[in-house]
Amino acid sequence: MRAVVQRVDGARVEVAGETVGEIVGEGLCVLVGVTHEDTPQKAAQLARKLWSVRILQGEKSCSDTAAPLLVISQFTLYGDARKGRRPTWNAAAPGPVAEPLVDEVVAQLRELGAHVETGRFGADMKVSLTNDGPFTVLVEV
């Protein structure tokens with residue numbers, strides 16, 4: 001699993017003009033990509049990492065400050081544009097594999113005590129955020 005994690009001061013995701021997920025104030029916006037070899041165990045590992053990674057102000061984590069997370073599925077994180085002009089998506093897991101694993105990341109975060117908002121899997125989403133720093137890291141498990 002791969003996640004692009006951005007420290008934000010507010011973030012929102014809309015589908016067809018409707019806000020489906022939003023966090024206000026300091027938190028993390030997390031784009032999650034799933035590949036073919038990923039498992040529920042990797043989803044749990046990613047959730048633990050997201051909950052405890054110390055990238056908020058003062059080197060704090062969401063677990064330290066109860067900061068919320070906005071988790072959005074992002075199959076394009078496994079795009080490959082090394083050849084030609086058109087990326088391939090061969091490394092991205094198909095929806096029936098990826099969706100339950102993204103859901104598992106969210107479930108595991110909630111089990112840890114996190115407030116989690118989400119996008120809508122497979123939808124055409126519009127993501128708005130204020131990157132704080134800017135601060136963006138790539139997390140892979």
Side-chain angles (χ1 to χ4, degrees), residues 1-83 85-141:
M1 297 189 96
R2 182 177 288 168
V4 173
V5 183
Q6 299 181 344
R7 182 175 71 194
V8 299
D9 183 20
R12 150 176 107 248
V13 61
E14 295 180 0
V15 175
E18 172 195 355
T19 298
V20 297
E22 181 174 24
I23 61 174
V24 177
E26 184 178 50
L28 299 179
C29 182
V30 182
L31 306 175
V32 177
V34 177
T35 193
H36 301 280
E37 300 84 33
D38 289 332
T39 63
Q41 293 76 19
K42 283 191 175 183
Q45 183 181 3
L46 179 60
R48 288 190 303 273
K49 178 63 110 176
L50 295 171
W51 185 232
S52 63
V53 67
R54 297 183 171 280
I55 62 172
L56 297 177
Q57 293 291 338
E59 295 187 12
K60 304 250 184 204
S61 67
C62 288
S63 66
D64 294 329
T65 65
L69 300 95
L70 176 61
V71 176
I72 303 164
S73 63
Q74 184 79 39
F75 81 93
T76 62
L77 293 182
Y78 279 101
D80 185 351
R82 289 179 289 183
K83 293 183 181 180
R85 297 179 304 174
R86 185 174 298 155
T88 65
W89 314 110
N90 297 336
V97 173
E99 185 173 12
L101 290 173
V102 173
D103 290 346
E104 184 64 18
V105 171
V106 171
Q108 290 291 323
L109 279 165
R110 288 178 175 152
E111 195 168 298
L112 291 166
H115 172 84
V116 183
E117 295 284 323
T118 65
R120 188 171 296 151
F121 191 91
D124 180 19
M125 295 179 274
K126 307 294 184 213
V127 180
S128 303
L129 59 93
T130 301
N131 193 316
D132 181 17
F135 202 113
T136 302
V137 296
L138 178 64
V139 176
E140 293 192 79
V141 295

Contacts satisfying side-chain hydrogen bond (donor to acceptor under 3.5 Å, both in side chains) that involve residues 119-131 (not counting sequence neighbours) are Asn131-Thr136
Residues passing the side-chain hydrogen bond (donor to acceptor under 3.5 Å, both in side chains) test with Thr88, sequence neighbours excluded, are none
Closest non-hydrogen atoms of Ala92 and Phe75, given as atom of the first, atom of the second and distance, are CB-O, 3.7 Å
With sequence neighbours left out, the residues meeting side chain to side chain contact (heavy atoms under 4.5 Å, CB included) with Ala11 are Val8, Ile23, Cys29, Leu70, Leu129
Exactly one of Val5, Leu46, Asp38, Ile72 clears side-chain contact (heavy atoms from CB on, under 4.5 Å) with Val32, and that residue is Leu46
Residues Leu56 and Ala67: closest non-hydrogen pair is CD1-CB, 3.6 Å
dist Cys62:SG -> Ile55:CD1 (nearest 0.5 Å) comes out at 7.5 Å
Contacts satisfying salt bridge (charged side-chain N to carboxylate O under 4.0 Å, His left out) that involve residues 59-77 (not counting sequence neighbours) are Arg54-Asp64
The salt bridge (Lys or Arg N to Asp or Glu O under 4.0 Å) partners of Asp103 (sequence neighbours excluded) come to none
When every non-hydrogen atom of Leu69 is compared with those of Ala114, the smallest separation belongs to CD1-CB, 3.8 Å
* Should Trp89 and Thr76 be marked as a side chain to side chain contact (heavy atoms under 4.5 Å, CB included) after you check the CA-CA gap, both sets of side-chain angles, and the distance that decides it? -> CA-CA 7 Å; Trp89 314 110; Thr76 62; 3.7 Å; yes
Sequence neighbours excluded, the answer for side-chain hydrogen bond (donor to acceptor under 3.5 Å, both in side chains) partners of Asp80 is Arg82
CD (Glu111) and CD (Glu104) are apart, to the nearest 0.5 Å, by 8.0 Å
Contacts satisfying salt bridge (charged side-chain N to carboxylate O under 4.0 Å, His left out) that involve residues 26-37 (not counting sequence neighbours) are none
d(Leu50 CG, Gln108 CD) to nearest 0.5 Å is 11.5 Å
Under the criterion side chain to side chain contact (heavy atoms under 4.5 Å, CB included), I'd like the reasoning laid out for His36 against Val97: C-alpha separation, chi angles, the key distance, then a yes or no. CA-CA 8 Å; His36 301 280; Val97 173; over 6 Å; no
* Do Met1 and Leu101 pass the side chain to side chain contact (heavy atoms under 4.5 Å, CB included) test, and can you show the C-alpha distance, the side-chain angles, and the key distance before you say yes or no? -> CA-CA 9 Å; Met1 297 189 96; Leu101 290 173; 4.1 Å; yes
Across all chains, not counting sequence neighbours, the ring pair (Phe, Tyr, Trp, His ring centres under 6.0 Å) partners of Tyr78 are none
Residues at least two apart in sequence or cross-chain that pass side-chain hydrogen bond (donor to acceptor under 3.5 Å, both in side chains) with His115, listed by chain then number, are Glu117
Across all chains, not counting sequence neighbours, the side-chain hydrogen bond (donor to acceptor under 3.5 Å, both in side chains) partners of Glu99 are none
Salt bridge (charged side-chain N to carboxylate O under 4.0 Å, His left out) pairs touching residues 132-141, sequence neighbours excluded, are Arg2-Glu140, Arg7-Asp132
So the side-chain hydrogen bond (donor to acceptor under 3.5 Å, both in side chains) pairs with at least one residue in residues 10-21 (sequence neighbours excluded) are Arg12-Glu14
On a heavy-atom basis, the closest approach of Ser52 and Ser61 is O-CB, 3.3 Å
Rounded to the nearest 0.5 angstrom, the CG-OG1 distance for Leu77 and Thr35 is 11.0 Å
Minimal heavy-atom distance between Ala47 and Val105, with the atoms involved, is CB-O, 3.7 Å
Heavy-atom nearest pair, Gly95 first then Pro100, reads O-CD, 4.0 Å
